[in-house]
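Read the structure below first, then the notes.
Reminder, nothing fancy here: chain letters follow the sequence lines and each chain counts from 1.
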Amino acid sequence: MLRTHTCGDLRAAHLDQTVTLAGWVQNRRDHGGIIFIDLRDRAGITQITFDPDICGPAVHDLANKLRSEWVLQISGAVRSRGDKTNPNLATGAIEVFATALTVLNKAETPPFEIDEHAKVGEEVRLKYRFLDLRRPAMQRNLILRHQAVKLARDYFDANGFIEIETPILCKHTPGGARNYLVPSRVHPGSFYALAESPQLFKQLLMVSGYDRYVQIARCFRDEDLRQDRQPEFTQIDLEMSFIDMDDIMTIGEGLVRGLWKKLMNHELPPLRRMTYAEAMASYGSDKPDLRFAMPIVDLSDWAKDCGFSVFQSAVAATDRPSHAGRGVVRALNAKGANEQLSRRTLDQLTEFAKGLGAKGLAWIKVAAGAEGKLDWQGPAAKNISDAAREALRVRLDVAAGDVLFFGADVEKTVCSVLGALRVELGVNRLGLAKPNDWQFLWVHSAPLFEWSEEAQQFVAVHHPFTAPYAEDIDRIQTDRGHVRSKSYDMVLNGCEIGGGSIRIHDAETQGKVFAALGISAEDAQRKFGFLLHALSFGAPPHGGMAFGLDRLIMLMAGAESIRDVVAFPKTQRARDEMLDCPTPAGDRQLKELHLVTAAPIQAKA
RNA sequence: GGCCUGGUAGCUCAGUUGGUUAGAGCGCAGCCCUGUCACGGCUGAGGUCGUGGGUUCAAGUCCCAUCCAGGUCGCCA
């Protein structure tokens, strides 16, 4: 060992001991005679003092040459700092008076400073990720991630789960995310797909009788990146047999309760449960942010006679095909937001709504008027009759200072516009979401199918192996849009952090669902034959879920992006800035893989 | 693929209506300084204004194209 202690260990209890530390030069303060070095390792920072009277001229001369990020080994005695204690350091009560100094390695001047204060752009951080990861904030995030994974493994082990690895090289499955493909050398013209999730394997493991499976599983999806999406990401993936929805939810809930208790020092109440229908109606979203109220209220019946033709015509239209959704008028009340929402801001919000597919955004600013009456302001306000205003006042709990927003369109559009507006207002404009407020809930029983305008047919909301409610099975033939699925998503502060379903375990139901999705028996055999085959050999009732580990850690760490909780993430165009990857393959590699590329080879700059 | 924001010194940024030699803070280098802790003082070096084209007497600034980073919509069963 090159050290006796870490840079975070030493306290007053170690006074007068001779110790050896190793680490990086965080900072150097040279007073001409006495020199201070802050020595850093991942455990913390310790002040090293080079006093020429104690360390001697040779060591002092060397200390004079030290620079940021050099790697040192120092030995010396632990001394009290007396009244010079630094309250900002865990080791602030002591310092080490060096008597020996070894430079283990020199360092180039880093492109950015390795400390908490330095603001650095992501492009540079990613290029020098190995330096970025030296920063305490990143080290905290990765250590938190380690602790969470460790707790998860312990939790599932204690609950009888078995961790089983499944293939990453597997078969392309139609539908769902675009797969990364890997060409086969030994099978010319054929490709593996990188697993987008272990979904089918874990169902097969249930057929095999493993009963309770868990895996910290790497998944791959070739889709465009986001703040919370990387091309490779990690799921805490689980599956159970002989259970129903409630059992999975109990297990999933236990995991986050344990994580929050042990790592966030926060006791979670039992998770609230809400049906998908309720979430969409009241919050316009399948992942409502419950850190603030601002519910969406349906005013479709009110709109018929309100006097405002835009609203009246929105609910009057009856000639639409049923799957397009009915016309509705809904509203939300930004209580007391009048002062904060200027005319300019309202214009921005209107643009925001249009960007989400709204034709416009009707709003009403409510101010205190004469004689204790309310003064209704805004383009929509003047057309609304007095009686309708009074009804609005009651139904939206309107008081002076409120701002009302209306959506009038087909239900789907109104939900997505008002749902997004609600979050924009609550989180970004009005600051109603407080830090360290953890609003978990389950959103369950989503529809099994939804109409796809693009495909002009019903498609699976979740995936085609999701089980319908038994009492809804007949509707697969008669009322496809209203078949409820045994599905559940765990939502935290408006972010979907996990989800799953009970699976279909009998071939007959599976056949009905495939048929409803327009998948013929032959297609089903070709694409999922292995699964159907397995289901015919005594598949137990089963179901499961998966947590998005990266998102979970991002929220726990208070990070802005999952890139801050992934050691080596990719950029928005799925590049690795540090490796300069991907790169063109060589002719020899391509030949071995029986490939020719159609893309022009980019000349490297 | 669409829309939005950004790209100026190693880093973070400013740069007016297009006008003389493009600035600041931090970092870096040298010198000074024996109790600092994001030490302090003095001096100094450091620029293909992302790239290519255009307009103009004159472009960091205006126009077009393009690349990169980020956000967002589509997409992510």
Hey, does the side chain of [X] come within less than 4.0 Å of [N]'s phosphate (OP1/OP2), counting only N and O?
| X | N | value |
| --- | --- | --- |
| Q572(A) | G71(B) | yes |
| T49(A) | U36(B) | no |
| R573(A) | C68(B) | yes |
| T109(A) | G10(B) | no |
| R226(A) | C73(B) | yes |

So [X], base contact, sugar-phosphate only, or nothing? Heavy-atom distance under 4.0 Å.
| X | value |
| --- | --- |
| R29(A) | base |
| R563(A) | sugar-phosphate |
| K119(A) | sugar-phosphate |
| A118(A) | nothing |
| E123(A) | sugar-phosphate |
| G121(A) | sugar-phosphate |
| F449(A) | nothing |
| S68(A) | sugar-phosphate |
| V120(A) | sugar-phosphate |
| P111(A) | sugar-phosphate |
| E122(A) | sugar-phosphate |
| D53(A) | base |

Please determine whether a side-chain nitrogen of the Lys or Arg among [X] and [Y] lies less than 4.0 Å from a carboxylate oxygen of the Asp or Glu.
| X | Y | value |
| --- | --- | --- |
| R129(A) | E122(A) | no |
| E69(A) | R67(A) | no |
| K287(A) | D489(A) | no |

Do the rings of F514(A) and F528(A) sit parallel, tilted or perpendicular, given the 30° and 60° boundaries?
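Parallel: the ring planes of F514(A) and F528(A) meet at under 30°.
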Indicate the ring-plane relationship of F130(A) and Y128(A), choosing parallel, tilted or perpendicular according to the 30° and 60° boundaries.
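Aromatic pair F130(A)/Y128(A) classed perpendicular.
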If you take atom types as modelled and just measure distance, does the side chain of [X] reach the base of [N] with a donor-acceptor pair under 3.5 Å?
| X | N | result |
| --- | --- | --- |
| E95(A) | G35(B) | yes |
| D224(A) | G74(B) | yes |
| R229(A) | C76(B) | yes |
| Q227(A) | U72(B) | no |
| R81(A) | U36(B) | yes |
| R67(A) | G27(B) | no |

Euclidean distance, atom CG of residue N64(A) to atom P of C33(B) [Å, nearest integer]:
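N64(A) atom CG is separated from C33(B) atom P by 11 Å.
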Length of the line joining Q47(A):CD and C37(B):C1', which is rounded to integer Å
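Rounded to the whole Å, the gap is 6 Å.
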What integer number of Å spans the [atom1] atoms of [N] and [M]?
| N | M | atom1 | result |
| --- | --- | --- | --- |
| U16(B) | G52(B) | C1' | 28 Å |
| A22(B) | U8(B) | C1' | 8 Å |
| G41(B) | C26(B) | P | 8 Å |
| A65(B) | G46(B) | P | 37 Å |
| C11(B) | C28(B) | P | 14 Å |
| C57(B) | U43(B) | C1' | 40 Å |
| U61(B) | C42(B) | P | 36 Å |
| C13(B) | U55(B) | C1' | 30 Å |

Compare the minimum distances between each of C11(B), A29(B), U36(B) and the side chain of V124(A), then state the nucleotide with the smallest one.
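Shortest atom-to-atom distance from the side chain points to C11(B).
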Among U34(B), A38(B), G27(B), the one nearest D51(A) by side-chain distance
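That would be U34(B).
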So, do H117(A) and A38(B) meet the stacking rule of ring centres under 5.5 Å and planes under 30°?
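Stacked: centres under 5.5 Å apart, planes under 30°.
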Stacking here means centres under 5.5 Å and planes under 30°; does F112(A) stack on C11(B)?
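No, aromatic ring not over the base.
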Given that both distances must come in under 3.5 Å, which nucleotide forms a Watson-Crick or G-U wobble pair with C28(B)?
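Result: G44(B).
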Ring centroid separation for Y192(A) and H172(A), is it under 6.0 angstrom?
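Not close enough - the centres of the two rings lie 6.0 Å or further apart.
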Under 3.5 Å donor-acceptor pairs involving side-chain atoms of residues 86-101 of chain A, not counting sequence neighbours:
unit_1: N86(A); atom_1: OD1; unit_2: N88(A); atom_2: N; d: 2.8
unit_1: T91(A); atom_1: OG1; unit_2: I45(A); atom_2: O; d: 2.5
unit_1: E95(A); atom_1: OE1; unit_2: Q47(A); atom_2: NE2; d: 3.1
unit_1: E95(A); atom_1: OE1; unit_2: T49(A); atom_2: OG1; d: 2.5
unit_1: T99(A); atom_1: OG1; unit_2: S75(A); atom_2: O; d: 3.3

Validation row: E196(A), C219(A) side chains within 4.5 angstrom (heavy atoms)
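No, every pair of side-chain atoms sits at 4.5 Å or beyond.
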